[in-house]
Amino acid sequence: MTGVGWWQTPEGAPMTDITVTRDDAASRYEIRSGETLAGFAEFDLRPGAIRFVHTEIDPAFQGQGLAGILAERALTDATASGEAIVPLCPYIAKYLTTHEIPGAEIRWPQRPGTAPAEA
């Protein structure tokens with residue numbers, strides 16, 4: 001999965017050459033600004049599911065909306081691959097509560113001390 005596009009920074013200046021790719025060998029989606037790694041979303045593949053475990057944006061790139069771009073692209077790609085999404089990462093979980101990913105099957109993890117979610 002690769003995505004290249006023009007994006008606007010919060011200040012309105014265009015960002016160019018933002019790409020998001022899936023690296024199965026490293027078990028993560030990576031977002032790059034040009035050739036520079038700006039962040040990643042780590043995952044753990046299970047049969048029929050992808051568990052997102054950690055998302056990180058380099059401090060030099062924070063405040064530019066890259067975490068949201070990374071989450072949207074990674075979740076859309078996982079959905080297109082037919083994988084159910086298990087949001088163990090707090091950022092990915094929060095993103096899913098505020099953004100629609102069409103066709104996504106979300107398997108919310110059960111937290112210790114909570115009642116099981118309805119199927």
J.: Between Glu83 and Leu45, does the side-chain contact (heavy atoms from CB on, under 4.5 Å) criterion hold? Intermediate values first, please.
T.: CA-CA 9 Å; Glu83 298 160 338; Leu45 283 177; 3.5 Å; yes
J.: Quick check: is Leu75 connected to Leu88 through a chain of hydrophobic side chains (ILVMFWY, heavy atoms under 4.5 Å apart)?
T.: no
J.: How would you list all residue pairs meeting salt bridge (charged side-chain N to carboxylate O under 4.0 Å, His left out) that involve residues 97-106, not counting sequence neighbours?
T.: Glu105-Arg107
J.: Can you name the side chain to side chain donor-acceptor pair (under 3.5 Å) partners of Asp24, sequence neighbours left out?
T.: Arg22
J.: According to side chain to side chain donor-acceptor pair (under 3.5 Å), who are the partners of Asp44, at least two apart in sequence or on a separate chain?
T.: Arg46, Arg51
J.: Nearest heavy-atom pair of Ala41 and Leu70: which atoms, and what distance?
T.: N-CD2, 3.8 Å
J.: Let's go through Ile101 and Ile106 carefully: what are the C-alpha distance in whole Å and the side-chain angles of both, what is the deciding distance for side-chain contact (heavy atoms from CB on, under 4.5 Å) to 0.1 Å, and is it a yes or a no?
T.: CA-CA 10 Å; Ile101 303 295; Ile106 312 300; 5.8 Å; no
J.: Not counting sequence neighbours, which residues clear side chain to side chain donor-acceptor pair (under 3.5 Å) with Glu42? List them please.
T.: none
J.: In terms of the angle between their ring planes, are His54 and Phe40 parallel, tilted or perpendicular, with boundaries placed at 30° and 60°?
T.: tilted
J.: Please report the shortest heavy-atom distance between Val53 and Cys89, naming the atom on each side.
T.: C-CB, 3.6 Å
J.: If I compare all heavy atoms of Ile50 with all of Ala78, which pair ends up nearest, and what's the gap?
T.: CG2-CB, 3.7 Å
J.: Any side-chain heavy-atom pair from Thr36 and Phe61 closer than 4.5 angstrom?
T.: yes
J.: Ala104 and Ile85: which non-hydrogen atoms are nearest, and at how many Å?
T.: CB-CD1, 4.2 Å
J.: Tell me which donor-acceptor pairs under 3.5 Å the side chains of residues 90-98 have, and how far apart each pair is, sequence neighbours excluded?
T.:
from	atom 1	to	atom 2	distance (Å)
Tyr91	OH	Gly68	N	3.2
Thr97	OG1	Lys94	O	2.7
Thr98	OG1	Lys94	O	3.3
Thr98	OG1	Tyr95	O	3.3

J.: Is Ser33 close to Ile18 at the side-chain level, that is, under 4.5 Å between some pair of heavy atoms?
T.: yes
J.: Hey, quick one: are Tyr29 and Ile69 part of the same hydrophobic cluster, counting side-chain heavy atoms closer than 4.5 Å, chains of contacts allowed?
T.: yes
J.: Sequence neighbours excluded, which residues qualify as side-chain contact (heavy atoms from CB on, under 4.5 Å) partners of Leu37?
T.: Arg28, Glu30, Arg32
